[in-house]
Asker: 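What follows is a structure written as structure tokens; I'll ask about it next.
Just so we're on the same page: letters track the sequence lines, and every chain starts at 1.
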Amino acid sequence: MKALEVIRAALADAAARLGAPACAVELERPRDPAHGDVATNLALTLAKSLKQKPRAVAERLVATLQLPQGLVRKVEIAGPGFINFVLAEAQLASVLESVLAAGDGYGKGDRGRGTRVNVEFVSANPTGPLHVGHGRGAALGDAIASLLEWTGHAVEREFYVNDAGVQVDKLARSLWARVQQAVGRRADIPEGGYQGDYLVELAHTVLEREGRRFADLAEEEGVRRCRAIGVESQRREQDEDLREFGVRFDVTFSESQLYRDMLIEQTLADLAARGCTYEQDGALWLRTTAFGDDKDRVLRKSDGTFTYLLPDIAYHRHKHERGFTRAIDVWGADHHGYVARMRAAMQALGYPADFFHAEIVQLVRVMRGGEEVRFSKRTGEFVTLRDLYQETGVDAARYFFLMRRGDSQFVFDVDLAKSQTEENPVFYVQMAHARMSGIFRVAGREPSAVSPEGVDLGALDQPEELALLKELADFPDLVAGAAAALEPHRITGYLENLARIAHAWYHKFRVLGEPEEAARLVLAAAVRQVLANGLHLLGIGAPDRM
RNA sequence: GCGCCCGUAGCUCAGGUGGAUAGAGCAGCAGCCUUCUAAGCUGUUGGUCGGAGGUUCGAAUCCUCCCGGGCGCACCA
């Protein structure tokens with residue numbers, strides 16, 4: 001809405017003429033409609049530097065303020081010194097033109113132009129099926145990436161595969177044991193190995209494909225083959241899940257590539273050249289305490305092997321070399337202890353403090369039939385992501401993962417996600433979209449064919465209609481704020497609010513056959529568009545009928 | 001013991017980076033269908049924002065301490 005920028009500029013100008021130091025003018029939309037359409041706390045923030053009471057500053061600001069005709073209907077000073085603006089009706093309705101002209105692009109901005117951001121998420125070990133926690137990370141990472149795209153950043157979605165560590169070794173030995181069991185031999189799953197039934201099935205598949213002689217291979221050869229087969233198989237399963245869940249990655253990066261391309265050695269050399277490493281007790285240490293970590297960290301153990309940290313540093317160094325200005329990682333809460341050392345390592349390499357950002361996502365608990373569904377990766381009993389989205393549908397699962405802050409502990413209520421009533425927020429929002437679509441279906445018109453041109457939008461004067469106009473006008477700023485904070489849940493909250501007003505409006509007023517039909521069709525088309533944009537931004541469908 | 005996150009209505013959670021009388025959904029209570037989807041709408045009950053200090057014109061929001069919950073504190077990954 002351009003009116004906001006005009007007001008902002010006028011306020012800045014007035015402040016300057018009062019001799020105030022330059023500062024950002026904050027505009028907000030008051031919660032209470034009695035406080036106008038736009039408000040600013042400028043007088044309160046300037047009071048101190050001008051050495052005057054906030055209300056006195058407000059009065060001088062208003063007296064000095066120069067606004068073009070026809071923009072604002074009323075300016076008031078209220079409370080401790082807020083300046084409230086009531087916009088002219090024509091200004092409110094102008095948002096409809098913006099929405100319909102921009103269409104699918106309404107809400108997009110370009111604050112991030114010129115910035116390349118890497119968003120890494122899920123990055124599950126290739127050792128088993130994705131579980132519900134990965135689902136939360138997938139939904140969140142994908143939505144964060146979309147938010148950044150909507151604000152003009154160039155984004156790459158990336159999945160990191162730990163295919164070189166001890167976990168895949170355990171996978172290989174577990175699978176080998178299952179192969180032995182499948183041909184009737186005694187074999188134990190190794191300590192800390194993978195107990196899940198999926199490896200029993202995979203063992204049978206392997207024997208069918210390779211023949212029973214596969215089980216007679218020498219152990220080391222068998223384990224080696226099992227490693228490749230296991231990783232390949234689990235990666236394929238995970239990709240299938242993610243694809244069905246609506247998540248697509250631009251890049252899959254393997255840990256083994258770090259070794260192949262000598263990136264580990266280069267990273268070590270870099271860190272050493274910057275004077276950030278030292279040897280002690282036969283190990284090589286990184287001086288992370290110089291950058292805010294609690295203690296220094298080992299990079300190369302005294303037995304000559306590397307810790308997990310070093311390949312991770314090398315990986316993130318590689319992201320920097322690829323030209324990203326920011327690297328955002330979505331990590332499970334069980335990794336939050338790594339944030340400080342990784343951030344320190346990035347600074348040790350000389351990167352800006354804001355290059356690396358870890359977004360921590362808390363674990364998910366699943367509730368069904370009023371009881372918590374327990375899961376444990378160790379025993380192989382767990383709720384897989386696939387089970388979940390097959391039961392609730394992808395839209396509901398994604399929405400539920402996104403409707404809470406990532407750092408809040410979250411209980412996924414399966415029964416609620418499946419319910420097709422107003423209690424279920426995703427249904428509620430989609431229903432609002434379907435209802436708007438229904439109007440056009442009955443009218444026999446395409447929503448996209450609706451234009452505000454020549455329509456008397458002044459007919460939209462009911463409280464629900466004015467509330468909808470303001471809500472629609474908020475969307476671009478909301479997206480920008482959600483992107484800056486990396487908080488997709490702001491979008492779901494907004495959608496529920498918009499849907500609620502839309503339902504109330506729909507219920508209270510008819511569109512077709514009324515004198516206000518033309519104007520209300522424009523409003524319905526715009527509401528439908530913004531609901532769809534918000535849902536699509538989160539990777540959720542916007543059905544025309546339910 | 002140390003670090004990070006969290007604590008807001010009976011329940012699940014918002015609270016837009018310090019603003020106006022703390023909000024929504026669910027649950028509860030009372031109502032609403034000759035209509036473009038009642039798969040919905042309207043009204044209403046409900047609060048010491050975990051506690052105590054502090055910062056300032058102003059604090060759920062910032063700082064300190066305490067209480068309670070989760071997670072993490074390896075030459076594991």
Asker: Regarding A/Glu471 and A/Tyr494, is there a side-chain donor-to-acceptor distance under 3.5 Å anywhere?
Answerer: no
Asker: Mind checking A/His489 for me? I need base, sugar-phosphate or nothing, with any heavy atom below 4.0 Å counting as a touch.
Answerer: sugar-phosphate
Asker: For atom C1', what is the distance between B/rU61 and B/rU8, given to the nearest Å?
Answerer: 12 Å
Asker: If I take atom CE in residue A/Met367 and atom P in nucleotide B/rC26, what distance separates them, rounded to the nearest angstrom?
Answerer: 19 Å
Asker: Side chain of A/Val442, heavy atoms from C-beta onward: which of B/rU37, B/rC41, B/rC5 has the nearest atom to it?
Answerer: B/rU37
Asker: Would you kindly give the CG-to-C1' distance between A/Asn424 and B/rC11, to the nearest whole Å?
Answerer: 17 Å
Asker: Under 4.0 angstrom, heavy atoms only, what part of the nucleic acid is A/Ala283 near: base, sugar-phosphate, or nothing?
Answerer: base
Asker: May I ask you to evaluate whether A/Ser408 reaches the phosphate of B/rA14, defined as a side-chain N or O under 4.0 Å from OP1 or OP2?
Answerer: yes
Asker: Return the value, rounded to whole Å, for the distance between atom CG of A/Asp395 and atom P of B/rA39.
Answerer: 20 Å
Asker: Look through every strand shown and name the nucleotide pairing with B/rA22 as Watson-Crick or G-U wobble, where both distances are under 3.5 Å.
Answerer: none
Asker: Taking only the side-chain nitrogens and oxygens of A/Lys295, find out if one of them lies under 4.0 Å from OP1 or OP2 of B/rC75.
Answerer: yes
Asker: Measuring from the side chain of A/Asp474 (C-beta onward, heavy atoms only), which nucleotide among B/rC6, B/rC71, B/rG16 has the closest atom?
Answerer: B/rG16
Asker: Whom does B/rC4 pair with, Watson-Crick or G-U wobble, provided both distances fall under 3.5 Å?
Answerer: B/rG70
Asker: Rounded to the Å, how far apart are A/Leu478 CG and B/rU17 C1'?
Answerer: 14 Å
Asker: For A/Asn84, which contact category applies under a 4.0 Å heavy-atom criterion: base, sugar-phosphate, or nothing?
Answerer: base
Asker: Just name whichever nucleotide pairs with B/rU44, Watson-Crick or G-U, keeping both distances under 3.5 Å, else none.
Answerer: B/rG28
Asker: Just confirming the chi classification of B/rC6, syn or anti, using 90° around 0 as the syn window.
Answerer: anti
Asker: Would one find a side-chain N or O of A/Arg500 under 4.0 angstrom from OP1 or OP2 of B/rC41?
Answerer: no
Asker: Verify the distance criterion only: is there a donor paired with an acceptor across the side chains of A/Arg435 and A/His503 at less than 3.5 Å?
Answerer: yes
Asker: Check the side chains of A/Asp303 and A/Thr305 for a donor-acceptor pair under 3.5 angstrom, ignoring hydrogens and angles.
Answerer: yes
Asker: Could one point to a donor on the side chain of A/Asn41 or the base of B/rG19 with an acceptor on the other under 3.5 Å away?
Answerer: yes
Asker: Flag as yes if A/Tyr506 stacks onto the base of B/rG40 (centroids under 5.5 Å, planes under 30°), otherwise no.
Answerer: no
Asker: Distance criterion of 3.5 Å, no angle test: do you see the side chain of A/Thr307 paired donor-to-acceptor with the base of B/rC75?
Answerer: no
Asker: Give the rounded distance in Å between these two atoms: CD1 of A/Ile501 and P of B/rC41.
Answerer: 12 Å
Asker: Name the nucleic acid region contacted by A/Arg405, choosing base, sugar-phosphate or nothing; use a 4.0 angstrom heavy-atom cut-off, strictly under.
Answerer: sugar-phosphate
Asker: Anti or syn, where syn is a glycosidic angle within 90° of 0; which label fits B/rU45?
Answerer: anti
Asker: In the structure shown, which nucleotide is the Watson-Crick or G-U wobble counterpart of B/rU55, with both distances under 3.5 Å?
Answerer: none
Asker: Is it the case that the base of B/rC71 and the side chain of A/His336 share a donor-acceptor contact (distance under 3.5 Å, atom types as modelled)?
Answerer: yes
Asker: Nearest whole Å is fine: how far is B/rA24 P from A/Leu495 CG?
Answerer: 18 Å
Asker: Can you tell me the pairing partner of B/rA38 across any strand shown, Watson-Crick or G-U wobble, with both distances under 3.5 angstrom?
Answerer: none
Asker: Just by distance, with hydrogens left out, do A/Trp285 and A/Glu279 show a side-chain donor and acceptor under 3.5 Å apart?
Answerer: no
Asker: Tell me if the aromatic rings of A/Tyr315 and A/Phe253 count as close, with their centers under 6.0 Å from one another.
Answerer: yes
Asker: Can you say whether the rings of A/His316 and A/Trp331 are parallel (under 30°), tilted (30 to 60°) or perpendicular (over 60°)?
Answerer: perpendicular
Asker: What is the distance from CD of A/Glu446 to P of B/rC36, rounded to the nearest Å?
Answerer: 20 Å
Asker: So among A/Lys508, A/Lys470, A/Arg500, which one has a salt bridge (charged side-chain N to carboxylate O under 4.0 Å, His left out) with A/Glu464?
Answerer: A/Lys508
Asker: Kindly indicate whether the side chain of A/Val57, heavy atoms from C-beta on, has any atom under 4.5 Å from the side chain of A/Leu42.
Answerer: no
Asker: A/Gly493 near the nucleic acid: base, sugar-phosphate alone, or nothing, with a heavy-atom cut-off under 4.0 Å?
Answerer: nothing
Asker: B/rG15, B/rC75, B/rG70: which one has an atom nearest the side-chain heavy atoms of A/Glu487?
Answerer: B/rG15
Asker: Under 3.5 Å for both donor-acceptor distances, Watson-Crick or wobble: does B/rC76 have a partner, and if so which one?
Answerer: none
Asker: What's A/Ala39 touching, base or sugar-phosphate or nothing? Going by heavy atoms closer than 4.0 Å.
Answerer: base
Asker: Could you tell me whether A/Tyr494 contacts a base, only the sugar-phosphate backbone, or nothing, with contacts defined as non-hydrogen atoms closer than 4.0 Å?
Answerer: nothing
Asker: So what does A/Ala78 touch, heavy atoms closer than 4.0 Å: a base, only the sugar-phosphate, or nothing?
Answerer: base
Asker: According to the Watson-Crick and G-U wobble definitions, with both distances under 3.5 Å, which nucleotide is paired to B/rA14?
Answerer: none
Asker: Using whole Å, report how far CG of A/Leu486 lies from P of B/rG16.
Answerer: 15 Å
Asker: Tell me if the side-chain of A/Asn497 makes a donor-acceptor pair with the base of B/rA14, cut-off 3.5 Å, by modelled atom types.
Answerer: no
Asker: Indicate whether any N or O donor in one side chain lies under 3.5 Å from an N or O acceptor in the other, for A/Arg287 and A/Thr277.
Answerer: no
Asker: Pick base, sugar-phosphate or nothing for A/Arg435, based on heavy-atom distances below 4.0 Å to the nucleic acid.
Answerer: sugar-phosphate
Asker: Reading RNA chain B from 5' onward, which residue's closest nucleotide shows up sooner: A/Gly165 or A/Ala484?
Answerer: A/Ala484
Asker: Is A/Val166 touching bases, backbone alone, or none of the nucleic acid, heavy atoms closer than 4.0 Å?
Answerer: sugar-phosphate
Asker: Identify whether any heavy atom of A/Ala340 sits under 4.0 Å from a base atom; if not, whether one sits that close to sugar-phosphate; answer base, sugar-phosphate or nothing.
Answerer: nothing
Asker: Considering Watson-Crick and G-U wobble pairs with both distances under 3.5 Å, what does B/rU61 pair with?
Answerer: none
Asker: Between A/Phe440 and A/Glu496, which residue's closest nucleotide on RNA chain B lies nearer the 5′ terminus?
Answerer: A/Glu496
